[in-house]
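No hydrogens, no waters, no symmetry mates; every other heavy atom, side chains included, goes into these values.
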Amino acid sequence: MSLKRQEYDSIKDDIVFLTKSFFRIRILISLFNKPATVKELQEEIDLNYPSVLSNINKLELKGYVVKKQEKYYLKSSTRIKLVNILALNSNINFLEEYEDFFNEHDVKSFSEEAFEELPVFNNVELIKADKINPFKATDTYRKSMTRLGHVNAICSYLHPECKRIISSVMEQETGLNLMVHKDVAKYITNCAMNYTQKNDIKNQYFDIKYLEYEPKIAMVISDEEMVISLHRIEGVIDKNACLISKDRAAINWAYSLFKEFESESKQEYISMKQLILDKLENSGKDIKIITEDTIEN
């Protein structure tokens with residue numbers, strides 16, 4: 001990451017001018033939604049006519065807005081700048097709210113691109129274990145990992161309810177792509193081979209990708225939510241705290257991060273479902289596999 005003096009001056013000039021006045025930002029936001037006359041802007045932002053006219057003239061002079069038949073329009077470049085300025089504000093608010101969490105954890109596993117987009121989502125909740133429920137964070141992971149639908153996950157530690165998760169994954173209409181360190185993968189494979197069938201198998205897929213290194217992140221992404229925790233500064237995964245969000249931007253961000261980790265590994269996914277089915281078949285048990293055709297019939 002680098003920044004040249006000329007680039008700094010350009011950033012500074014834009015931000016200083018556009019944010020110098022609260023009402024200037026209000027005018028831009030109003031025009032972002034729809035073009036307006038000075039009179040319409042005055043009524044919407046509750047500012048006297050001369051002040052609105054003065055600010056809009058400055059914006060026009062600087063090339064941020066354009067006037068057409070008494071109405072003012074945002075230029076496309078201004079629209080993009082405004083979005084980024086407001087996103088910066090969201091970033092700052094987000095980081096201030098969760099400052100302690102990020103200062104206590106190692107974020108070096110994030111790429112520069114992930115850093116850029118990390119705070120740009122809302123409705124985030126910090127889940128922390130407490131004396132009443134010391135397993136609050138790990139329970140959150142288990143519930144998220146066994147959601148119906150398609151689930152992607154990175155596990156940097158062995159979940160204490162690994163066997164229960166495998167049973168839930170196999171007996172629900174879910175598909176799970178899981179990335180773990182190879183040592184954890186060996187244990188999960190062993191648990192899968194010891195799986196005891198109690199209910200019909202409805203699983204769509206249950207695939208594991210081995211990682212040669214220990215990921216400094218634990219994350220679950222489903223269609224409904226994303227859950228994430230990090231290694232503490234001391235170097236161990238934090239099993240007692242995680243961030244959860246149902247915000248679509250957060251889910252998309254987490255999925256992009258998952259794809260980054262996925263692309264870094266040259267290992268192919270291994271089907272735990274197939275291992276389980278082979279094991280059950282060889283044991284002579286009567287296996288009933290629920291398929292889409294079965295459900296439709």
Backbone N/O of [Y] and side chain of [X]: donor-acceptor pair under 3.5 Å:
X	Y	result
Asn55	Ser51	yes
Ser30	Arg26	no
Gln197	Asn199	yes
Thr174	Gly149	yes
Ser256	Asn252	yes
Asn133	Ala129	no
His159	Tyr141	no
Ser263	Lys259	yes

For [X] and [Y], which I'm curious about, is there any donor-acceptor pair between the side chains at under 3.5 Å?
X	Y	result
Glu260	Tyr255	no
Glu225	Ser144	yes
Tyr72	Glu40	no
Ser54	Asn57	no

Measuring from [X]:[atom1] to [Y]:[atom2], what's the distance to the nearest 0.5 Å?
X	Y	atom1	atom2	answer
Arg142	Ile165	CZ	CD1	7.5 Å
Gln42	Thr37	CD	OG1	9.5 Å
Thr146	Met170	OG1	CE	14.0 Å
Ile45	Leu28	CD1	CG	9.5 Å
Ile208	Leu275	CD1	CG	9.0 Å
Ser229	Leu243	OG	CG	8.5 Å

What I'd like to find out is whether the side chain of [X] reaches to under 4.5 Å of the side chain of [Y], using heavy atoms alone.
X	Y	answer
Leu230	Val107	yes
Tyr195	Ser167	yes
His150	Ser222	no
Asn152	Phe261	no
Thr189	Tyr210	yes
Leu86	Phe32	no
Tyr213	Glu264	yes
His181	Glu212	no

Contact summary for [X] and [Y], nearest pair of heavy atoms:
X	Y	value
Leu74	Thr78	CD2-CG2, 3.8 Å
Ala241	Ala137	N-CB, 3.7 Å
Ala250	Met226	O-CG, 3.8 Å
Ile166	Ala192	CD1-N, 3.7 Å
Pro134	Asn240	O-OD1, 4.1 Å

List for me each residue that meets ring-ring contact (aromatic ring centres under 6.0 Å, His included) alongside Tyr64, sequence neighbours excluded, and say none if there are none.
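With neighbours one apart ignored, the set is Phe17.
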If you group Ile, Leu, Val, Met, Phe, Trp and Tyr by side-chain heavy-atom gaps below 4.5 Å, do [X] and [Y] land in one group?
X	Y	result
Met193	Val169	yes
Met145	Tyr187	yes
Val52	Phe22	yes
Leu126	Ile233	no
Ile29	Ile85	yes

Transitive ILVMFWY cluster of Tyr205 at side-chain heavy atoms under 4.5 Å: who else is in it?
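Members other than Tyr205 - counting any ILVMFWY side chain reachable under 4.5 Å - there are none.
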Supply the members, apart from Ile132, of the Ile/Leu/Val/Met/Phe/Trp/Tyr cluster built from side-chain contacts under 4.5 Å; use none for a lone residue.
none
Heavy atoms of other groups near Glu234 CD, more than 12 under 6.0 Å
yes
Look at atom NZ of Lys246 and say whether more than 12 heavy atoms of other residues, nucleotides or ligands are closer to it than 6.0 Å.
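Yes, because the 6.0 Å sphere around NZ of Lys246 holds more than 12 heavy atoms from other groups.
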Step by step, would you call Phe258 with Met219 a side chain to side chain contact (heavy atoms under 4.5 Å, CB included)?
CA-CA 8 Å; Phe258 178 87; Met219 182 169 65; 4.1 Å; yes
Run the numbers on Leu41 and Leu31 for side chain to side chain contact (heavy atoms under 4.5 Å, CB included), then give the verdict.
CA-CA 8 Å; Leu41 289 170; Leu31 295 178; 4.0 Å; yes
Scan for salt bridge (charged side-chain N to carboxylate O under 4.0 Å, His left out) pairs involving residues 68-79, sequence neighbours excluded, and state none if there are none.
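Residue pairs with at least one partner in residues 68-79: Lys67-Glu70.
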May I have the step-by-step check of side chain to side chain contact (heavy atoms under 4.5 Å, CB included) for Ile221 and Ile228, ending in yes or no?
CA-CA 9 Å; Ile221 314 108; Ile228 186 170; over 6 Å; no
Under the criterion side chain to side chain donor-acceptor pair (under 3.5 Å), I'd like the reasoning laid out for Glu43 against Tyr49: C-alpha separation, chi angles, the key distance, then a yes or no.
CA-CA 9 Å; Glu43 292 173 353; Tyr49 190 93; over 6 Å; no
Does Glu262 form a side chain to side chain donor-acceptor pair (under 3.5 Å) with Tyr269? I'd like the steps, not just the answer.
CA-CA 10 Å; Glu262 190 176 53; Tyr269 277 103; 2.5 Å; yes
Using the side-chain hydrogen bond (donor to acceptor under 3.5 Å, both in side chains) criterion, which residues pair with His105? Sequence neighbours excluded.
Asp238
Full working for side chain to side chain contact (heavy atoms under 4.5 Å, CB included) between Ile237 and Ile217
CA-CA 7 Å; Ile237 189 69; Ile217 186 175; over 6 Å; no
Without placing hydrogens or testing angles, list every side-chain donor-acceptor pair under 3.5 Å for residues 95-104, not counting sequence neighbours.
from: Tyr98; atom 1: OH; to: Val124; atom 2: O; distance (Å): 2.6
from: Asn103; atom 1: ND2; to: Glu99; atom 2: O; distance (Å): 3.3

Has Lys273 got its NZ or CZ under 6.0 Å from the middle of the six-membered ring of Phe206, at an angle within 45 degrees of the ring axis?
no
